[in-house]
Protein chains: 2
Amino acid sequence: MYEKYVKLLKDHNLKITSPRLEILKYLDEHHTHPNVEAIYSSLKKKHPSLSRTTVYNSLETMEKNRIVQSLTISGSEHRYDLNKSLHHHFLCTRCGIILDIDIACPNMDKTLQGGHHVEEVHGYFKGICKNCQKKEKGWRTNG
Amino acid sequence: MYEKYVKLLKDHNLKITSPRLEILKYLDEHHTHPNVEAIYSSLKKKHPSLSRTTVYNSLETMEKNRIVQSLTISGSEHRYDLNKSLHHHFLCTRCGIILDIDIACPNMDKTLQGGHHVEEVHGYFKGICKNCQKKEKGWRTNG
DNA sequence: ATACTATTTTGTAATTATTACAATTTAGTT
DNA sequence: AACTAAATTGTAATAATTACAAAATAGTAT
């Protein structure tokens, strides 16, 4: 059940704790790029002793170990992602959904730019998602 | 003196106001990608009646009109840029400086990705800048 | 199994950035 | 000079995050 998350943590010499395992499981099962509040309020149901601060702490630790990735695209909150293969993200400014965008990008795996040591690369698109456009069209047609 | 900022605002049918002109001038003269606080505290000296809220309001309006650009790279605050040619950004996680990165990128001018309507494209690199690396090396050698 | 210690979790109290809002002022027009 | 919509201002809220200290726990050594 939790073997793969245990392995992930062990591989980074991190202690195996319930909050960390649950957060990893949550991210693995929800590809919604949730914010802290979403993770916290969902896990809190099954684990009432969970603290919001723990979610912050755990994510911070796992981010430092590159197990999870923090997206700053929204500008008002951090949103999280299991750190799998490199990919871009799209934020819908209408509904707030963040979607994975898999496109070729020659700059994604750079470790040096302009003489600076690069540790992270982020490609963000912002706009209106397919779904929200459909909704707006529908309303306009009906109105 | 302020002609070009006046023109920028006029071209977007925005009213010509002192706060807007001063903010544009500040951004034009400081390529530091400042946050609201930096802009506010600098302008406040010469214009004591300026309100922090006005800086927020002005930047919001000018961002909607694509006169300025908001960078969310830092994750804790918005940082601003005069919206000139498309380019990437590098954030130093040590000193917080944001630098322009001019590299070719085939995805920078996309208006559609995965069927979604794209209005903004951001390319962010995070890491340790040349200068901070130099400092760290120096200290270690001397220690 | 037990004891030990560093790490983690937890809850509360700050802090920081940003937004809401209502009153006043002002830009652009009549 | 008067008008009106928009912008500015200050204060009060809100939202996300961090600081901190006490309690609990994981992993290790005994």
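Per chain, numbering begins at 1; letters A, B, ... match sequence-line order.
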Quick one: [X] [atom1] to [N] [atom2], roughly how many Å, whole number?
{"X": "R20(A)", "N": "dT9(C)", "atom1": "CZ", "atom2": "C1'", "value": "10 Å"}
{"X": "E60(B)", "N": "dA6(D)", "atom1": "CD", "atom2": "C1'", "value": "14 Å"}
{"X": "H47(A)", "N": "dA24(D)", "atom1": "NE2", "atom2": "C1'", "value": "17 Å"}
{"X": "Y40(A)", "N": "dT9(C)", "atom1": "OH", "atom2": "C1'", "value": "13 Å"}
{"X": "L59(A)", "N": "dT17(D)", "atom1": "CG", "atom2": "P", "value": "10 Å"}
{"X": "E37(B)", "N": "dT15(C)", "atom1": "CD", "atom2": "C1'", "value": "13 Å"}
{"X": "L14(A)", "N": "dA6(C)", "atom1": "CG", "atom2": "P", "value": "18 Å"}
{"X": "E22(B)", "N": "dT9(D)", "atom1": "CD", "atom2": "P", "value": "11 Å"}

Of all the choices, [options], which nucleotide is nearest to the side chain of [X] once you look at every atom?
{"X": "T54(B)", "options": "dT17(D), dT8(D), dT18(C)", "answer": "dT8(D)"}
{"X": "K15(A)", "options": "dG28(C), dT9(C), dA26(D)", "answer": "dA26(D)"}
{"X": "N57(A)", "options": "dT9(C), dT18(C), dT9(D)", "answer": "dT9(C)"}
{"X": "T53(B)", "options": "dC21(C), dA27(C), dA17(C)", "answer": "dC21(C)"}
{"X": "S51(B)", "options": "dG10(D), dT18(C), dT8(D)", "answer": "dG10(D)"}
{"X": "I16(B)", "options": "dA27(C), dG11(C), dT8(D)", "answer": "dA27(C)"}

Any side-chain heavy-atom pair from [X] and [Y] closer than 4.5 angstrom?
{"X": "N35(A)", "Y": "H78(A)", "value": "no"}
{"X": "V55(B)", "Y": "E37(B)", "value": "no"}
{"X": "K10(A)", "Y": "V6(A)", "value": "yes"}

- request: Look at all strands and tell whether S18(A) reaches a base, only sugar-phosphate, or nothing, counting heavy atoms closer than 4.0 Å.
  value: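 Nothing, no nucleic acid heavy atom in range.
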
query: Do H116(B) and N131(A) meet the criterion of a side-chain donor-acceptor pair at a distance under 3.5 Å?
result: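 The criterion, which ignores hydrogens and geometry beyond distance, is not satisfied for N131(A) and H116(B).
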
field: 5' priority, DNA chain C, between L50(A) and G75(A) [closest heavy atom]
entry: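 Going by which nucleotide is closer to the 5' end, it is L50(A).
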
field: 5' precedence on DNA chain C between H78(B) and T61(A) (nearest-nucleotide basis)
entry: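 The 5'-side residue here is T61(A).
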
query: Within less than 4.0 Å of OP1 or OP2 of dA16(D), is there a side-chain N or O belonging to S76(B)?
result: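 No, because none of the side-chain N or O atoms of S76(B) sits under 4.0 Å from OP1 or OP2 of dA16(D).
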
Residue closer to the 5' end of DNA chain D, Y56(A) versus T17(B) (nearest nucleotide):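 Of the two residues, T17(B) wins.
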
field: K44(A) side chain to L50(A) backbone, donor-acceptor under 3.5 Å
entry: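 Between the backbone of L50(A) and the side chain of K44(A) there is a qualifying donor-acceptor contact (under 3.5 Å).
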
